[in-house]
Student: 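Could you have a look at this structure, given as structure tokens, before my questions?
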Amino acid sequence: MQLYNTLTRQKQSFAPIDPSHVRVYACGPTVYGRIHVGNARPIVVFDVLVRVLRRLYDRVTYVRNITDVDDKINERAATNGQSITDLCNETIASFHADTAALGAEPPDVEPRATHHIDEMIAMISLLIDKGHAYVADGHVLFQVSTMDNYGALSKRSIDDMIAGARVEVAPYKRAAEDFVLWKPSVPEQPGWDSPWGRGRPGWHIECSAMAKTYLGELFDIHAGGLDLIFPHHENEIAQSCCAHGTSHMANYWLHNGFVTMNDEKMSKSLGNIITVEEATSRYRPEVVRAALLSAHYRAPLDLSDSTMQDAHNSLDRLYRAAGTAEISDDRVDDEFLACLCDDLNTPAALARLHELARLANKRDQVAAIALKSSAALLGLLRQEGDVWAKGAGSVSGGDDKRLDDTAIDAEIAARNAARTARDFAKADAIRDALADAGIILEDGQDGTSWRRS
RNA sequence: GGCCCGGUGGCAGAGUGGUUAUGCAGCGGUUUGCAAAACCGUGUACAUCGGUUCAAUUCCGGUCCGGGCCUCCA
């Protein structure tokens with residue numbers, strides 16, 4: 001498998017450290033609110049990555065953390081007038097609902113930051129002992145200058161960063177680029193006892209500590225969004241490598257591009273977000289998943305109604321072609337798999353699915369099985385074709401004017417009676433009325449079938 | 001200011017040093033009572049200017065335009 005490695009800015013063939021056990025870490029959500037479609041992209045994309053890896057290797061451990069200690073959580077809990085614990089538990093539950101709706105399989109381990117405070121304290125102590133960190137004014141800071149190749153991932157030098165600094169430097173820092181490992185908490189803030197007093201961890205240390213705990217000092221793949229390259233992943237590398245005396249934290253660093261709205265990054269600070277909850281109620285969840293896979297994961301993906309409509313039409317065609325074919329793990333199409341093995345080229349893989357669909361539509365049952373089996377690797381076409389066709393949550397039209405299935409069957413019976421009587425005007429009137437209600441009829445050899453548009 | 005990444009046909013979106021991506025939309029046909037679906041056919045697309053080359057959308061350089069990171073952010 002070929003993967004684009006941010007560390008080398010090149011596509012490289014993937015060689016696991018231990019071929020009998022591939023280890024992957026992805027940065028998960030900070031749980032203070034529902035995730036939006038931009039947050040969902042790495043969930044879905046790296047879900048496909050792990051599915052492909054599981055197919056290629058006997059054992060894969062996929063870790064995706066949950067950040068449940070963060071000042072944004074504290075603020076949100078205060079705003080909502082609820083406890084931090086309640087806010088986190090509530091948000092985690094909705095996160096699980098959202099990821100399940102998108103068809104993402106749960107990770108093997110989903111560690112919570114607050115359950116790994118001891119590991120963080122141990123790692124911070126180690127960094128102090130090794131001279132990479134210092135205590136100042138109740139804080140513990142990582143001294144960036146003690147690391148030789150800091151900036152290797154983001155291709156950024158310390159000088160560049162100082163030149164571009166847009167933040168005021170906290171007075172207790174020895175250097176502007178130093179970052180916080182531990183900070184003091186006032187009584188009303190969450191905190192844990194530590195050698196440096198009661199406090200809480202900085203942003204980056206949790207990932208270093210949890211990755212070490214579950215995947216070891218060096219593992220295969222670390223994944224996340226493009227905006228995490230700097231400073232988050234850079235600082236994770238600094239912490240982990242300096243604590244463990246290793247040259248690398250992970251061998252491959254994968255970063256997904258952004259979801260945009262009108263070509264602008266979807267972000268909470270810009271306020272142009274659509275939550276997964278909103279998206280999956282306006283469109284079928286599988287359509288949202290397909291849309292997220294319709295562009296290459298490193299390219300920007302602009303979301304609009306037409307993106308969703310395209311994804312819907314595309315799935316419609318694939319579902320019809322797949323028919324009632326059964327999924328079989330050993331019938332995945334080779335060309336399709338080759339597309340995914342080429343740096344997760346999902347648009348090319350989808351194109352191959354359409355080629356299989358054309359063959360299947362020419363009554364090639366082998367192609368139909370390959371289509372359904374291959375699509376399953378993308379987490380698509382998992383429903384029965386009939387369930388999809390008649391499913392609710394269409395792209396256009398609300399449920400208010402929706403007809404129920406028995407009413408539709410009655411209309412179809414009436415229309416077929418008219419057709420038998422060769423009263424085509426009446427038959428067509430019934431069909432047009434159904435079409436207005438979003439019901440498309442198809443007269444086939446086995447009678448009339450219908451689907452929701 | 002520093003550092004990254006892009007600009008492909010009506011739209012979305014792959015890919016390639018010389019030959020069909022794919023889907024949607026459009027057009028023509030087959031089929032159908034008419035449709036729908038399906039199948040077949042159909043498009044002088046690769047920001048711009050130079051360079052390398054027998055040959056560049058594809059490699060190199062400049063220009064223009066767009067996006068991102070440098071602050072929480074997938």
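Order of the sequence lines sets the chain letters (A, B, ...), proteins ahead of strands, with each chain counted from 1.
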Student: Please list each protein N or O that sits under 3.5 Å from an N or O in nucleotides 11-14 of chain B, with the distance.
Tutor:
from   : atom 1 : to       : atom 2 : distance (Å)
B/rA14 : OP1    : A/His296 : N      : 2.5
B/rA14 : O3'    : A/Asn345 : ND2    : 2.9

Student: Checking contacts here: which listed nucleotide (B/rC34, B/rA74, B/rC70) is nearest the side-chain heavy atoms of A/Arg156?
Tutor: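 Output: B/rC70.
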Student: Taking only side-chain N and O atoms of A/Lys265, does any of them lie within less than 4.0 angstrom of OP1 or OP2 on B/rA74?
Tutor: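 Negative; the distance criterion is not met.
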Student: Given B/rC69, is OP1 or OP2 found less than 4.0 Å from the side-chain N or O atoms of A/Lys155?
Tutor: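 Indeed not, no polar side-chain atom of A/Lys155 lies that close.
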Student: Could you list, one pair per line, each protein nitrogen or oxygen that sits under 3.5 Å from a nitrogen or oxygen of nucleotides 36-38 of chain B, together with the distance?
Tutor:
from   : atom 1 : to       : atom 2 : distance (Å)
B/rA36 : O2'    : A/Arg451 : NH2    : 3.3
B/rA37 : O3'    : A/Arg320 : NE     : 3.3
B/rA38 : O3'    : A/Asn361 : ND2    : 3.0

Student: Centroid separation under 6.0 Å, is that true for the rings of A/Tyr4 and A/His296?
Tutor: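 Between A/Tyr4 and A/His296, which both carry aromatic rings, the centre distance is not below 6.0 Å.
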Student: List the residues meeting side-chain contact (heavy atoms from CB on, under 4.5 Å) with A/Asp316, not counting sequence neighbours, and say none if there are none.
Tutor: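 Checked A/Asp316 against side-chain contact (heavy atoms from CB on, under 4.5 Å); matches are A/His312, A/Arg320, A/Trp388, A/Arg451.
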Student: For A/His248, which residues count as a ring pair (Phe, Tyr, Trp, His ring centres under 6.0 Å) partner, sequence neighbours excluded?
Tutor: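 Scan of A/His248 (ring pair (Phe, Tyr, Trp, His ring centres under 6.0 Å), adjacent residues dropped) gives none.
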Student: Please say whether more than 12 non-hydrogen atoms of neighbouring residues, nucleotides or ligands are located less than 6.0 Å from NZ in A/Lys426.
Tutor: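 Incorrect, the count does not exceed 12.
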Student: In whole angstrom, give the distance that lies between atom CG of A/Leu344 and atom P of B/rG15.
Tutor: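 These atoms are roughly 12 Å apart.
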Student: Stem list for RNA chain B, please, built from Watson-Crick and G-U wobble pairs under 3.5 Å and keeping only runs of at least 3.
Tutor: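 Runs of three or more consecutive pairs: B:1-7 with B:64-70, B:10-12 with B:22-24, B:26-30 with B:38-42, B:47-51 with B:59-63.
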Student: How would you list, by chain and number, every residue that makes a ring pair (Phe, Tyr, Trp, His ring centres under 6.0 Å) with A/Phe142, sequence neighbours excluded?
Tutor: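 Only A/Phe179 meet the ring pair (Phe, Tyr, Trp, His ring centres under 6.0 Å) criterion with A/Phe142.
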Student: Side-chain donor or acceptor of A/Arg431 under 3.5 Å from a matching atom on the base of B/rC34?
Tutor: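 When only heavy-atom distances are counted, A/Arg431 does reach the base of B/rC34 through a donor-acceptor pair under 3.5 Å.
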